[in-house]
Amino acid sequence: MTRTRVNVWTVSKGSEEAAAWEPWHPVLATYAQVVWDMQRLAESNPDSWLWAANTHGYPGPQRNEATWYTCKHKSPWFLPWHRAFLAWFEATVRKLGEDDGWALPYWDYTDGDPNHLLVPPEFLVEKCTIRGQQKDNPLRVIDRQREVPADIVALGDELAEYRFVRRHKRCGFGGSDVEPQDGDTTLEMQPHNFVHGALGGLMGHPETAGRDPIFWLHHANIDRLWSVWRGLDGSLDADRGGLVGEVADQWESAHFTFGGDGDVSVFRAPDMIDPSSPGLDYNYDNLLLTRDQHEQIMLKRGVIKARDDSAGGGPMALDDAGGGDPDLLWQVTGASEQGLVVHDDGDSVEVPLDSDQVAALGLVEVAAQVPAGLIVSLEGVTADGRPHAFYLVELAAGTDAPRRRVGRISTFGIGPAQQTPASITFDATDLAPQLVDDGWSGGPLVVHVRPDLDQVRGAVAPGEAGLQIEQVTVSQRP
Amino acid sequence: MTTLHAPAAPRAPARTWRAPRVVRKHTGAGAALMGGSAVAWVLLLTVPSPWAVMWLLMVVAMMWPLWLRPADRTWRATFRRWRVPAVVVLMATTTGLWMTTGIAVHLVYSTVVPQSRAWLWTTACLALVLAINRTSRRRVLLANCQRMSVIAPRGRRALRTAVRQGWRGWCRCALLCGPVMLAMVPAHDPVLMVGGSFAVWWEQNHPRSWRDPIPVWVLSVLAVLSALDGVLMGGMHG
């Protein structure tokens with residue numbers, strides 16, 4: 001039986017007043033009722049709310065359930081793991097709600113309608129009706145923000161990227177072959193991480209995100225965007241040659257396990273690519289982009305593809321799954337001697353380029369020409385305390401040169417709970433002409449990182465390093 | 001699938017340059033590790049040597065293939081003239097730690113375990129592997145097995161960060177695969193070495209398959225063989 005996941009705005013009452021007084025659509029009424037029931041089950045019950053949330057993450061010291069805290073972030077397994085996670089959770093809701101046709105709704109904040117940036121009212125009102133009785137609304141979380149800013153959910157670079165996984169230090173749509181790494185081209189970074197960071201509260205951290213009922217609708221939308229991306233011309237998904245390195249070696253045998261020992265559900269990574277495949281059996285009511293979104297994404301995709309072709313020895317059809325791997329041609333050409341410690345006023349570091357390395361790469365003419373490719377990597381990104389939700393990364397041709405914005409990072413998943421500091425990469429190739437105009441001739445670049453003032457809520461507590469970055473590197477290709 | 005025709009030309013590259021289509025999987029570091037491992041296997045299985053030499057050969061034979069990815073990544077993360085020193089330091093760190101641990105455990109073992117009870121040690125080590133196989137802590141270690149810390153591309157920092165990666169990787173390795181290695185402290189039985197090597201290699205290359213039955217089966221068979229060897233043959237292989 002194929003179920004259809006619908007846009008929550010097609011089943012929402014549309015206003016808090018209506019949501020407070022009128023009966024809800026069965027999709028949301030069932031969800032609220034089951035969440036209410038799950039929240040009343042013991043944590044040790046695999047059908048409980050906390051078991052589901054703990055499967056993603058939990059605060060505090062390590063615990064003994066082997067299927068808990070197994071979420072994959074900054075990883076090429078991010079998308080398939082979360083697709084399996086949602087399918088397992090959805091099956092639990094169907095079982096407890098005794099509704100075999102139920103499917104998770106998704107919260108589409110990317111359709112350009114400013115009203116849809118708001119958290120749906122069913123997740124805001126204080127009371128709701130469960131089995132004919134007024135109860136405290138189980139979908140409501142007090143400390144969550146009520147909307148996400150439009151600019152952080154705008155679709156762009158991630159859907160324009162045409163490979164599912166790329167080699168370190170580049171990132172594909174689904175990630176890189178090195179963990180933990182994220183970048184400006186992954187769906188995980190934008191809008192996934194950005195929405196988590198913007199909503200804050202429980203949603204602001206992987207350890208607690210699954211405890212907020214909006215988490216599941218947000219992830220259903222991320223899952224939907226994977227299907228949207230797959231449908232775009234030229235997308236090299238995992239089954240179309242879009243894997244590289246060890247991820248390709250491991251994909252076929254990788255599997256994800258959920259539930260308790262008595263009732264374990266296992267999902268294979270190869271089965272996670274197509275939602276209509278047996279075992280998943282769902283689709284979405286809408287996989288379309290707006291005309292403007294589609295045009296901009298395909299234009300940018302064409303530029304990325306052409307750059308890869310110029311590095312890979314000539315044009316290569318996008319559906320040439322067995323084609324070359326232009327990412328192997330990138331080389332590190334510069335690295336900072338020191339790291340960054342980013343407080344509220346930001347921090348800068350100089351990244352000198354290594355002349356031998358540049359020459360060995362055949363880039364001796366860099367002084368006179370715009371480089372064909374430029375990647376900036378923030379490596380060893382971590383935080384002792386709670387950093388701000390967003391930071392801006394800027395690049396300058398020198399200490400006194402104007403700062404050019406490379407991108408924005410979300411600190412979702414960056415903090416003391418993470419065992420290995422992450423790397424975050426940005427493709428700064430588009431900035432290269434401006435850097436040359438600013439006087440860059442192959443000398444040191446300056447990287448500046450500062451909190452995103454538009455998104456900052458309060459200052460980082462004194463004595464806490466908001467964000468620490470061990471090293472910044474620059475990579476180039478011939 | 002539809003072929004996309006690029007609507008905008010890319011910026012002209014800095015120079016005319018055409019690259020071959022690249023299909024290689026491993027760097028020079030990876031090739032060197034595989035070569036070293038192959039030689040060690042041959043020596044291990046054909047040339048009788050003192051215990052310490054055998055242990056070193058076993059570490060090279062069994063563990064170096066598990067370090068292909070860190071070595072490849074270290075190679076790619078460093079400037080050309082620092083590649084070989086950084087990878088050498090990385091591998092020297094982990095190999096040295098295995099050597100030190102092996103010698104220390106061997107000293108303890110030879111002091112407290114009579115030679116006739118060697119099979120008990122081996123069986124106990126393998127039983128320990130099986131007992132902790134599906135625990136939460138081991139699952140976390142396995143999930144992080146491939147994680148890399150920052151490698152600096154040049155200078156002393158490159159060497160320091162390679163040592164750090166070697167140390168951190170070894171710690172995870174020792175917790176995950178240590179009991180399998182320790183099972184071989186009494187002697188270097190070929191069946192045990194090949195089986196144990198296959199089990200840890202399989203697990204590393206299927207890191208999301210922490211419930212994978214194949215390594216469990218292999219190690220169970222080895223444990224049974226070790227126990228049978230002890231009970232029926234008096235631990236002659238030990």
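In the text below, chain A, chain B and the rest are named by the order of the sequence lines, each starting its count at 1.
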Nearest 0.5 angstrom please: B:N205 CG to A:D249 CG, how far?
7.0 Å
Can you tell which of A:D177, A:V264, A:V244 has the highest number of heavy-atom pairs within less than 4.5 Å of chain B?
A:V264
Checking A:S336 against chain B: side chain, backbone, both or neither under 4.5 Å from a heavy atom?
backbone
Do A:Q62 and B:S136 make a side-chain contact, defined as non-hydrogen atoms from C-beta onward lying under 4.5 Å apart?
yes
Only one of A:D356, A:D354, A:V358 clears side-chain contact (heavy atoms from CB on, under 4.5 Å) with B:F79; which?
A:D354
Heavy-atom check, side chain of B:R73 versus side chain of A:H168, under 4.5 Å
no
So which of B:V140, B:T78, B:L68 has the largest heavy-atom pair count under 4.5 angstrom toward chain A?
B:V140
Side-chain contact test, heavy atoms from C-beta onward, threshold under 4.5 Å: evaluate it for A:V332 versus B:R76 and give yes or no.
no
Which residues pass the salt bridge (charged side-chain N to carboxylate O under 4.0 Å, His left out) test with A:E337, sequence neighbours left out?
B:R154
Relative to chain A, which segment of B:R80 carries a heavy atom at a distance below 4.5 Å: side chain, backbone, both, or neither?
both
Within the 4.5 Å heavy-atom criterion, are A:P180 and B:R147 side-chain neighbours or not?
yes
How long is the straight-line distance from CH2 of A:W68 back to CZ of B:R139, given to the nearest 0.5 Å?
11.5 Å
Heavy-atom contact with chain A under 4.5 Å, split by part of B:R81:
side chain
Between OG on residue A:S253 and CH2 on residue B:W202, distance to nearest 0.5 Å:
7.0 Å
Do A:Q471 and B:P153 have side-chain heavy atoms sitting under 4.5 Å apart?
yes
Supply the atom-to-atom distance B:T161 OG1 to A:E470 CD, rounded to the nearest 0.5 angstrom.
7.5 Å
In terms of heavy-atom proximity below 4.5 Å to chain A, should B:I151 be classed as side chain, backbone, both, or neither?
backbone
Distance check, rounded to the nearest 0.5 Å: A:R63 atom CZ versus B:R137 atom CZ?
12.0 Å
